Amino acid sequence: MAIEREAAPPRAMHDGLGRRIDYLRISVTDRCDLRCRYCMAEKMVFLPKRDILTLEEIAAIAGRFIARGVRRIRLSGGEPLVRRDFGELVQMLGAHIGHGLDELTLTTNGTQLAPHAAMLSAAGVRRINVSLDSLDADRFAHITRGGDIGRVLNGLDAARAAGIAVKINMVALRGVNDDEILRMLRWCDARGYDLTLIETMPLGEVADERTDHYLPLVEALEPVRAAYDFLPLDYRTGGPARYFGLSGLTAKLGLITPLSQNFCAGCNRMRLTCQGRIYMCLGHEDHIDLKAAFRAGGPEGLDQLLDLALATKPVAHDFNISRGAAPATRRHMSMTGG
Ligand code: SAM
Ligand code: SF4
């Protein structure tokens with residue numbers, strides 16, 4: 001008689017504080033074709049190519065993490081779409097969807113989305129985040145130090161044609177785009193996109209004084225509150241955003257408030273950089289270098305280091321955006337992956 005086996009219990013990783021860790025963000029390159037003022041300095045020094053993991057190495061490390069319990073992966077950067085042969089990585093990772101991996105997503109500035117959208121869809125990417133801090137072409141060019149909004153809009157059209165759902169990421173910046181939040185929300189709603197607003201975080205030196213442009217979202221939302229009723233939603237996408245419905249709109253509004261309303265207690269994430277480092281927190285310098293162990297021992301060589309990383313995940317970031325305060329890390333967000 002055949003013995004019925006109970007299904008294996010779901011794999012799960014937990015950190016030293018008991019938080020379940022099942023979300024991996026991968027920064028596939030630190031390079032970018034834009035220079036957003038809150039993200040990067042104008043003259044950035046990027047990593048030499050010899051220090052960067054190959055796409056096969058990234059896929060193999062990610063594969064091990066999936067075997068250990070990672071269920072969602074977001075590819076980010078820098079700008080992921082500037083990495084040569086990026087599509088090969090998407091295909092390698094996409095093959096895990098339904099076999100341990102629930103979802104593969106992407107955060108992109110959209111400038112190179114048009115030629116990549118069909119490939120992303122074919123590899124199993126069903127939704128992406130596209131960063132767009134202004135709908136005004138001149139303002140967009142100012143914020144990004146020279147970006148062409150037309151390319152982003154073409155990329156968004158291509159994503160729609162490929163059947164990929166879009167969420168727009170907008171960093172709320174005092175005196176820069178705070179007068180555009182309601183317009184952006186209505187624009188997203190008309191196009192079937194969700195919108196997430198993000199508070200600017202003190203990561204890496206940039207030429208601008210971040211304090212001048214830091215805008216707590218509670219303040220940024222005043223015009224939206226005047227126009228719509230907010231309905232808190234249970235909807236989650238695995239990331240840190242809290243979502244709200246708005247009376248009369250179909251767009252969901254996500255809020256990422258690392259400074260004004262800390263969300264670290266529910267953190268489920270770890271981050272792999274293109275150098276092969278694992279960071280358990282965006283806001284700390286502590287990391288574990290996986291590259292040497294991986295090259296010496298293959299994927300299995302990672303397990304001990306991964307256990308160490310889990311055990312030492314910090315309780316919380318300690319961002320301080322007061323005038324004159326140093327950034328929380330020397331690393332820019334583009335290094336760790338947003
Ligand atoms: N280049 C892609 C993009 O812009 O979407 C992916 C990488 S970017 C680092 C990911 C997200 O981080 C973007 O939405 C960007 O606006 C956001 N970001 C970058 N630097 C930030 C900072 N210092 N504070 C808050 N958000 C930041
Ligand atoms: Fe590049 Fe994204 Fe940083 Fe802008 S936010 S400079 S697009 S990595």
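In listed order, ligands and their atoms are each counted from 1. Worth knowing before you read on, the calculation uses all heavy atoms, side chains too, and leaves out hydrogens, waters and symmetry mates. No experiment lies behind these values; they were computed from the predicted model shown.
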**Fill in**
Taking only non-hydrogen atoms of Cys39 and a 4.0 Å limit, the atoms of ligand 1 in range are 19 (C), 20 (N)
**Message:** Quiz question: by atom type and distance under 3.5 Å, do the side chains of Arg151 and Gln112 form a donor-acceptor pair?
**Reply:** no
**Asked** Which atoms of ligand 2 sit under 4.0 Å from any heavy atom of Gly78?
**Response** 8 (S)
**Item:** Atoms in ligand 1 flagged as close to Glu79, the criterion being non-hydrogen separation under 4.0 Å
**Value:** 1 (N), 2 (C)
**Request:** Begin from the C-alpha positions of Arg37 and Glu42 and carry the test salt bridge (charged side-chain N to carboxylate O under 4.0 Å, His left out) through to its verdict.
**Result:** CA-CA 8 Å; Arg37 288 167 186 273; Glu42 187 162 15; over 6 Å; no
**Asked** atom 4 (Fe) of ligand 2: which protein heavy atom is closest, and how many Å away?
**Response** Cys36 SG, 2.3 Å
**Request:** Would you please determine whether Glu199 falls within less than 4.0 Å of ligand 1 on a heavy-atom basis?
**Result:** yes
**Request:** For Gly78 and ligand 1, answer yes if some heavy atom of the residue is under 4.0 Å from a ligand atom, otherwise no.
**Result:** yes
**Item:** Identity and distance of the protein heavy atom lying nearest atom 3 (Fe) of ligand 2
**Value:** Cys39 SG, 2.4 Å
**Prompt:** What residue and heavy atom of the protein are closest to atom 21 (C) of ligand 1, and at what distance?
**Reply:** Tyr38 CD1, 3.6 Å
**Request:** Return the residue, atom name and 0.1 Å-rounded distance of the protein heavy atom closest to atom 24 (N) of ligand 1.
**Result:** Met201 N, 2.7 Å
**Asked** What's the shortest distance from atom 1 (Fe) of ligand 2 to any protein heavy atom, and which residue and atom give it?
**Response** Cys32 SG, 2.3 Å
**Proximity flag Gly77 to ligand 2, non-hydrogen atoms under 4.0 Å** = no
**Message:** Assess, by modelled atom type and distance only, whether the side chains of Thr107 and Asn169 contain a donor and an acceptor separated by less than 3.5 Å.
**Reply:** no
